[in-house]
Amino acid sequence: MTLGLLHTSPVHVPVFDGLRDAHHPGLALRHHVHESLLARAGREGPEAVAPAVRDALVEAVGEGAEAVLCTCSSIGAVAEALSPQVGVPVLRVDRPMAAAAVAAGPRVVVLATVESTLTPTVALVEEEARKAGRDVVVRAVVVDGAWARFQAGDARGYAEAVAEAISEVRDADAVVLAQASMAPASELVPEVSVPVFASPRVGLAAAAAVASVTRPR
């Protein structure tokens, strides 16, 4: 099985390689990093990068991907919608996470460190709620200052800022970490009473299952 991954930061490469090694040892990953997509989506909106996202997906398919996983929540909806054009399933890493959060209860807090991620993630949670026939109230929060730490290469400081925001959540049934880069923060707040949902592990599992089904026989 070969799965293509579309990233907007190189930090995701070792994360998903580690998850593959631990849970999907038979899965070949082909990483495609396009850092400019996130910055442009933040400035101009996700739809502005649709042609560039399509080119990246076509590149992944050309390298033999049986499915492609987009690990960037800001452009995930755009990538997913392009699946019919590129000829293989294109999945967004955060959809399984959103479904799990909806199942946890009606009060969902979405934490993000990039403003452009909030709208698509909130929309995804609401979409999954409609599919499940559930009513949800979604509260969106940007973790101030965290993204600057990420951009400066301060991974520990970034995770600590997100962890602090998680610990401050009240009156919620689920906390959604909107970006894959935020996942390590959940390990820094083991005593939190609200379930915290991150996307990398469950997103990769879903994509691996799809790649397996679509693999040529």
Practice task
Taking the side chain as every heavy atom from C-beta outward, state whether Glu80 and Cys70 have any pair of such atoms under 4.5 Å apart.
Solution key: no
Exercise for the section: For residues Ala67 and Val210, report the shortest heavy-atom separation together with the two atoms involved. Expected result: CB-CG1, 4.2 Å
Exercise for the section: Output yes when a side-chain donor or acceptor of Arg134 lies under 3.5 Å from a complementary backbone atom of Lys131, and no otherwise. Expected result: no
Exercise for the section: Would you check if Val13 and Asp17 make a side-chain contact, meaning some heavy-atom pair closer than 4.5 Å? Expected result: yes
Practice task
Without swapping roles, check the side chain of Thr8 against the backbone of His34 for a donor-acceptor pair under 3.5 Å.
Solution key: no
Handout entry: Distance (rounded to the nearest 0.5 Å) between Leu111 CG and Glu168 CD
Key = 9.5 Å
Handout entry: Joint hydrophobic cluster, Val109 plus Val142, side-chain heavy atoms closer than 4.5 Å
Key = no
Exercise for the section: Please examine the side chains of Glu66 and Val88, heavy atoms only from C-beta on, and report whether any two atoms are closer than 4.5 Å. Expected result: no
Problem - Minimal non-hydrogen separation, Ile75 against Leu37, with atom names - result: CD1-CD1, 4.0 Å
Problem - Single-linkage hydrophobic cluster Val86~Val33, side-chain heavy atoms < 4.5 angstrom - result: no
Exercise for the section: Please work out whether the ring planes of His12 and Phe16 are parallel, tilted or perpendicular, with thresholds of 30° and 60°. Expected result: perpendicular
Problem - Shortest non-hydrogen separation from Thr2 to Ala211 and the atoms involved - result: O-CB, 4.4 Å
Handout entry: Min side-chain heavy-atom separation His24-Leu19 under 4.5 Å
Key = no
Problem - Side-chain heavy atoms of Leu27 within contact of Leu204, under 4.5 Å - result: yes
Practice task
Could you tell me whether Arg201 atom CZ has more than 12 heavy atoms of other residues or ligands within 6.0 Å of it?
Solution key: no
Handout entry: Within one Ile-Leu-Val-Met-Phe-Trp-Tyr cluster: Val58 and Val78, side-chain cutoff 4.5 Å
Key = yes
Exercise for the section: Please report the closest heavy-atom contact between Val108 and Ala101, naming both atoms and the distance. Expected result: CG2-O, 4.2 Å
Handout entry: Heavy-atom pair with the smallest gap, counting every atom of Arg30 and His32
Key = O-CD2, 3.3 Å
Handout entry: Any donor-acceptor pair under 3.5 Å from Arg40 side chain to Ala48 backbone
Key = yes
Pairs of donor and acceptor atoms involving the side chains of residues 172-188, under 3.5 Å and at least two apart or interchain, shall be tabulated with distances.
| from | atom 1 | to | atom 2 | distance (Å) |
| --- | --- | --- | --- | --- |
| Asp173 | OD1 | Arg107 | NH2 | 3.1 |
| Asp173 | OD2 | Arg107 | N | 3.0 |
| Asp173 | OD2 | Arg107 | NE | 3.0 |
| Gln179 | OE1 | Thr113 | N | 2.7 |
| Gln179 | OE1 | Thr113 | OG1 | 3.3 |
| Gln179 | OE1 | Val114 | N | 3.2 |
| Gln179 | NE2 | Thr113 | OG1 | 2.7 |
| Ser181 | OG | Tyr158 | OH | 2.7 |
| Ser186 | OG | Ala183 | O | 2.8 |

Practice task
Using the rule that two of Ile, Leu, Val, Met, Phe, Trp, Tyr join whenever any of their side-chain heavy atoms come within less than 4.5 Å, decide whether Leu5 and Val53 are in one cluster.
Solution key: no
Handout entry: Distance, nearest 0.5 Å, that separates NE2 of His31 from CG of Leu69
Key = 10.5 Å
Problem - Shortest non-hydrogen contact from Ala161 toward Arg149 - result: CB-NH1, 4.0 Å
Practice task
Answer yes or no: is there a side-chain heavy-atom contact under 4.5 Å between Val110 and Thr117?
Solution key: no
Exercise for the section: Identify whether Val194 and Val162 are in the same connected component of the hydrophobic contact network (ILVMFWY, side-chain heavy atoms under 4.5 Å). Expected result: yes
Handout entry: Flag side-chain contact, heavy atom, 4.5 Å: Val90 against Leu82
Key = no
Practice task
Indicate whether the side chain of Ser74 and that of Ser116 have a donor and an acceptor atom separated by less than 3.5 Å.
Solution key: yes
Problem - Full working for side chain to side chain contact (heavy atoms under 4.5 Å, CB included) between Val196 and Val169 - result: CA-CA 10 Å; Val196 179; Val169 172; over 6 Å; no
